[in-house]
There are 2 protein chains.
Amino acid sequence: MNSEQLLNNKIEELKEACKKNGMRVTPQRIEIFKEVAKSCKHPDAETVYEAVKHKMPNVSVDTVYRTLASLEELNMIFRVDNLLPKARFDADLRPHNHFICVQCNEVYDIFLEPDEKKQIPKNAHSFGEIKDINIQIRGICNKCLKNNTK
Amino acid sequence: MNSEQLLNNKIEELKEACKKNGMRVTPQRIEIFKEVAKSCKHPDAETVYEAVKHKMPNVSVDTVYRTLASLEELNMIFRVDNLLPKARFDADLRPHNHFICVQCNEVYDIFLEPDEKKQIPKNAHSFGEIKDINIQIRGICNKCLKNNTK
DNA sequence: CTATAAATAGTAATAATTCTTATTAAGGAA
DNA sequence: TTCCTTAATAAGAATTATTACTATTTATAG
């Protein structure tokens with residue numbers, strides 16, 4: 001299955017999710033979701049807005065923010081913890097972590113090796129009901145390290 | 001050693017750090033640091049500002065933000081990844097994780113059991129130079145769970 | 001095809017944080 | 001101690017990301 005097919009599958013999934021939750025399937029929703037889903041760069045709202053504007057020149061900033069929030073509620077995308085000024089979004093729902101470059105703000109996906117398992121600290125359960133666990137690694141990415149030595 | 005002594009030690013440490021880095025020791029810096037260091041609530045800038053204002057009525061918002069940023073550069077405090085609209089600060093430098101309640105926004109410290117170790121995913125090193133690793137657990141805290149059932 | 005309510009566009013407003021500038025004060029030197 | 005230099009501050013304006021408001025449009029059920 002190629003990436004275009006995967007994307008189409010995801011869009012079908014989104015349509016189902018909308019219907020199941022009494023939400024309408026609008027071209028804006030599709031386009032906005034597409035932009036997040038096809039990117040591996042964990043785009044922010046502004047980036048999504050600029051990209052969508054090429055196909056839908058009248059789309060409004062508000063729609064992008066509102067839609068990203070509803071896609072999140074549908075569990076079709078999620079926000080990446082990042083300590084950066086702008087929220088970043090990810091449509092890859094497979095469990096994975098992030099490497100965040102503190103210099104260029106790039107966010108890289110870290111997939112665990114088959115023998116690794118996302119660990120929940122033993123004590124965590126004593127604080128309440130866990131919804132999700134999130135691991136970020138902050139550092140300087142190879143690209144920036146290379147540029148820095150020049 | 002009681003908590004007051006611990007706090008005093010930390011303040012001495014801050015003074016040293018300032019001197020070593022050519023930064024002046026100002027009463028504002030001391031007070032702002034104290035507020036973060038004595039709290040276990042991971043306060044935001046506004047909370048720190050309100051608290052400091054009791055002792056220094058003329059302190060400005062800007063000074064609080066600027067000082068929190070320089071304390072961070074001195075590695076005396078750090079920001080908690082939190083996906084909340086306001087930055088939260090922590091002066092406890094011992095390695096630990098956080099439980100973040102998505103309902104009341106309370107941030108709880110999770111200390112690892114002696115036999116646990118903060119694990120860095122194997123792949124992480126391939127992305128660049130790691131500065132720090134951060135684990136957050138999001139969920140609903142016991143307090144909120146209790147309130148919700150009422 | 002029509003009715004209706006959800007979603008949108010356009011724009012104004014808000015919230016958190018940062019910047020600007022004139023003033024103050026920490027800390028080294030005389 | 002007193003003076004000097006410059007970092008740090010207070011006050012308020014500005015900026016940035018995000019959210020709210022409202023009239024209009026449009027998805028979809030009947």
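Side chains are part of it too, since the values below use all heavy atoms of this structure and drop only hydrogens, waters and symmetry mates.
- Put simply, A:T67 has no side-chain N or O that comes within less than 4.0 Å of OP1 or OP2 on C:dA7.
- Between the side chain of A:N142 and the backbone N or O of B:S126 there is at least one donor-acceptor pair closer than 3.5 Å.
- Defining each end axis of the helix from C:dC1-D:dG30 to C:dA30-D:dT1 as the rotation carrying four pairs' C1' atoms onto the next four, with five pairs an end, the two axes are found to diverge by 30° to 10 degrees.
- Remark: nothing in residues 11-19 of chain B comes within less than 4.0 Å of DNA chain D through any heavy atom.
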Expected list for residues 15-32 of chain B: side-chain donor-acceptor pairs under 3.5 angstrom, two or more places apart:
unit_1: B:N21; atom_1: ND2; unit_2: B:A17; atom_2: O; d: 2.7
unit_1: B:T26; atom_1: OG1; unit_2: B:R29; atom_2: N; d: 3.1
unit_1: B:R29; atom_1: NH1; unit_2: B:R24; atom_2: O; d: 2.7

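- With contacts defined as side-chain heavy-atom distances shorter than 4.5 Å, the pair B:V102/B:I140 qualifies.
- A:F89 places its CZ atom 13 Å from the P atom of D:dA17, with the value rounded to the nearest Å.
- B:E73 is linked by a salt bridge (Lys or Arg N to Asp or Glu O under 4.0 Å) to nothing, counting only residues two or more places apart in sequence or in another chain.
- Atom CG of A:L68 is separated from atom C1' of C:dA7 by 15 Å (rounded to the nearest Å).
- Rounded to the nearest 0.5 Å, atoms CD1 (B:I11) and CG (B:L6) are 11.0 Å apart.
- Counting to the nearest Å, the C1' atom of C:dA15 and the CG atom of B:L84 are 14 Å from each other.
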Requested in this report: Summarise protein proximity over nucleotides 21-26 of chain D in one line of letters, 5' to 3': B for base, S for sugar-phosphate only, - for none, counting protein heavy atoms closer than 4.0 Å.
Outcome: B----B
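- Residues meeting the side-chain hydrogen bond (donor to acceptor under 3.5 Å, both in side chains) test with A:R66, sequence neighbours left out: A:D62, A:T63.
- Here the side chain of B:K10 pairs a donor or acceptor atom with the backbone of B:A91 at under 3.5 angstrom.
- For residues 100-109 of chain A, every residue pair satisfying the salt bridge (Lys or Arg N to Asp or Glu O under 4.0 Å) rule, not counting sequence neighbours, is listed here: A:K41-A:E106.
- Put simply, the side chain of B:T149 gets close to the backbone of B:K146: a donor and an acceptor are under 3.5 Å apart.
- Residue pairs meeting the ring-ring contact (aromatic ring centres under 6.0 Å, His included) criterion with at least one partner in residues 25-65 of chain B, sequence neighbours excluded, are B:H42-B:H98.
- Rounded to whole Å, atom P of D:dA17 lies 12 Å from atom CG of A:N82.
- Applying the 4.0 Å criterion to OP1 and OP2 of D:dA10, one finds that B:Q28 has a side-chain N or O inside that range.
- Annotation: the span from B:L7 atom CG to B:K34 atom NZ amounts to 6.5 Å, rounded to 0.5 Å.
- Two residues, A:N58 and B:A69, neighbour DNA chain C, and the one matched to the more 5' nucleotide by heavy-atom proximity is A:N58.
- Residues from residues 44-51 of chain B lying near DNA chain D, meaning a heavy-atom separation below 4.0 Å, are absent.
- Rounding to whole angstrom units, NZ of residue B:K86 and P of D:dA17 are separated by 19 Å.
- The CD1-P distance, from A:I32 to C:dA7, rounds to 13 Å in whole Å.
- With rounding to whole Å, A:L83 atom CG is found 12 Å from C:dT17 atom P.
- Contact annotation: A:S60 does not reach the phosphate of C:dT11 (side-chain N/O to OP1 or OP2, under 4.0 Å).
- Among residues two or more places apart in sequence or in another chain, the side-chain hydrogen bond (donor to acceptor under 3.5 Å, both in side chains) test is passed with A:N148 by A:Q103.
- As a whole-Å value, the separation of B:L74 CG from D:dA8 C1' is 14 Å.
- When the salt bridge (Lys or Arg N to Asp or Glu O under 4.0 Å) test is applied to B:K122, the partners found at least two apart in sequence or on another chain are A:D115.
- For A:Y65 and D:dT19, the shortest distance from a side-chain N or O to OP1 or OP2 is not below 4.0 Å.
- Applying the 4.0 Å criterion to OP1 and OP2 of C:dA9, one finds that A:T63 has a side-chain N or O inside that range.
- Among residue pairs with one or both ends in residues 122-147 of chain A, those qualifying as ring-ring contact (aromatic ring centres under 6.0 Å, His included) are A:F127-B:F99, A:F127-B:Y108; sequence neighbours excluded.
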